[in-house]
Asks: 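Below is one structure. I have some questions about it.
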Amino acid sequence: SSTTVNPSLMLSKVVTQSNLLVTTFESINDGFTVVDEAGRLVAWNPQYLRIYGLSERAVRLGVPLAEILRILDAQGARARTPLGEGLPMSDLAVTAATGPRQFEIGCPDGRLVELRRNPVAGGGFATLHMDVTERRAIEGQLRQAQKMEAVGQLTGGIAHDFNNILGAILGNLSYLEPAVRVDPALHERWQRAMGAADRAARQVERLLAFSRRQRLSPEVIDINRLIAGMLDLLEGSLGDGVSLSTELAPDLPAVRVDPGQLENALMNLAINARDAMQGKGRITL
């Protein structure tokens, strides 16, 4: 038996496959480059130019990759490893690698490009350039959501434990009320303790609300009254070395705000001020 090979048919198939390869090469969403063993650019697709904002005049057949990297470096692009360690841009032009390698390039406009490089037969390498800015942002949001979930679970556990402790404190304070009424000084201290415990209970409720992802509703409040109500708590938190005073405008209008958030903000500001004064000085609200 014998087989006759039709050269025209074979050539047609080769041309068809070649056209398909070129079409695929030019239509993929990622950039693609091929560099020869001498470090010269021998093939690229339009997406490569688009990703880095390179002009067709700068990217030409046979241009050294090192020259393109110098252009990107001058524009503010920065190379690094997948672990975030900085690299000189010139390191990306090294052709001696024998295995797959990965790099990242941070573009001056904030985009992040991931490079996946593989050696090719005869020397040199092919590189896939993927714009991963959106993907990394989504991954960051997912990590943040997971972190907040863990914080919420931890907060809920602590808040429940603290709520049990507060229950014992409030119960004993209520039991002591008849005995301290006979002594005005003791009764004043008892009132301060009850006020602090009540405020702590409200903070626990807010922690529990946070752990359950509940939205905290703002209220229309008198800021002066809120500050006056938390002065005892502030004085106890700031220590003996800090004197606390107020200069409150008498005609402040009511505001719509979350009372707990405002109390927390004022407490944090006061504590930061105390720390800045190294525990000694005067704080005025």
Asks: Look at atom CG of D275 and say whether more than 12 heavy atoms of other residues, nucleotides or ligands are closer to it than 6.0 Å.
Replies: yes

Asks: Identify the two heavy atoms, one from A126 and one from V120, that lie closest to each other, and give their separation to 0.1 Å.
Replies: N-CG1, 3.7 Å

Asks: Has D30 got a side-chain atom pairing as donor or acceptor with L128's backbone, closer than 3.5 angstrom?
Replies: no

Asks: Taking atom CZ of R135 as the centre, does the number of heavy atoms from other residues, nucleotides or ligands within less than 6.0 Å exceed 12?
Replies: yes

Asks: Any sub-3.5 Å donor-acceptor pair from N224's side-chain atoms to A249's backbone N or O?
Replies: yes

Asks: Evaluate the side-chain proximity of R282 to L244: yes if any heavy-atom separation is below 4.5 Å, no if none is.
Replies: no

Asks: Indicate the atoms forming the closest heavy-atom contact of L166 with A197, along with that distance.
Replies: CD2-O, 4.0 Å

Asks: Give every donor-acceptor pair under 3.5 Å between a side-chain atom in residues 50-71 and any protein atom, sequence neighbours left out.
Replies:
residue: R50; atom: NH2; partner: N29; partner atom: O; Å: 3.1
residue: Y52; atom: OH; partner: H129; partner atom: ND1; Å: 2.8
residue: S55; atom: OG; partner: A58; partner atom: N; Å: 3.2

Asks: Ignoring hydrogens and angles, tell me if any N or O in the side chain of R117 forms a donor-acceptor pair with the backbone of F103 under 3.5 Å.
Replies: no

Asks: Tell me, with the steps shown, if L226 and L266 meet side-chain contact (heavy atoms from CB on, under 4.5 Å).
Replies: CA-CA 11 Å; L226 179 140; L266 290 172; 4.2 Å; yes

Asks: Give the cluster check for M130 versus I138: same hydrophobic cluster or not, with ILVMFWY residues linked at side-chain heavy-atom distances below 4.5 Å.
Replies: no

Asks: Out of curiosity, R189 CZ to D232 CG, how far, rounded to the nearest 0.5 Å?
Replies: 11.5 Å

Asks: State, to 0.1 Å, how close A77 and I105 come at their nearest heavy-atom pair, and which atoms those are.
Replies: CB-CG2, 3.9 Å

Asks: Would R78 and D73 satisfy side-chain contact (heavy atoms from CB on, under 4.5 Å), going step by step from the backbone distance to the final call?
Replies: CA-CA 7 Å; R78 294 295 178 261; D73 190 32; 2.9 Å; yes

Asks: Find the distance between CG (D131) and CD (E114) and round it off to the nearest 0.5 Å.
Replies: 10.5 Å

Asks: Just how far is it from atom CG of D183 to atom CD of E188, taken to the nearest 0.5 Å?
Replies: 10.5 Å

Asks: Provide the closest heavy-atom pair for W190 versus L173 in the form atom of the first, atom of the second, distance.
Replies: NE1-O, 2.6 Å

Asks: Tell me which one of L285, V242, I271 satisfies side-chain contact (heavy atoms from CB on, under 4.5 Å) with L234.
Replies: L285

Asks: Would you give the length of the straight line joining atom CD1 of I221 to atom CZ of R256, rounded to the nearest 0.5 angstrom?
Replies: 11.5 Å

Asks: Might you point out which heavy atoms bring A168 and N172 nearest each other, and give the distance in Å?
Replies: O-ND2, 2.7 Å

Asks: Could you check whether atom CD of Q102 has more than 12 heavy atoms from other residues, nucleotides or ligands sitting under 6.0 Å from it?
Replies: yes

Asks: Looking at R136 and E104, does any basic side-chain N land under 4.0 Å from a carboxylate oxygen?
Replies: yes

Asks: So does V94 get a backbone contact from the side chain of D91, meaning a donor-acceptor N/O pair under 3.5 Å?
Replies: no

Asks: Does the T133 side chain pair with the main chain of L112, one donor and one acceptor, at a distance under 3.5 Å?
Replies: yes

Asks: Check L238 against A270 and note the closest heavy-atom contact, atom names and distance.
Replies: CD2-O, 3.6 Å

Asks: Under 4.5 Å between any side-chain heavy atoms of L170 and D198, yes or no?
Replies: yes

Asks: Quick check on the hydrophobic clustering: are I283 and L269 connected, directly or via other members, by side-chain heavy-atom contacts under 4.5 Å?
Replies: no

Asks: Under 4.0 Å between a Lys/Arg side-chain N and an Asp/Glu carboxylate O for R199 and E263?
Replies: no

Asks: Do V220 and V255 have side-chain heavy atoms sitting under 4.5 Å apart?
Replies: no

Asks: Would L231 and I223 show up in the same hydrophobic cluster when neighbours are defined by side-chain heavy atoms closer than 4.5 Å?
Replies: yes

Asks: Working to the nearest 0.5 Å, report the span between CD1 of I227 and CZ of R225.
Replies: 13.0 Å

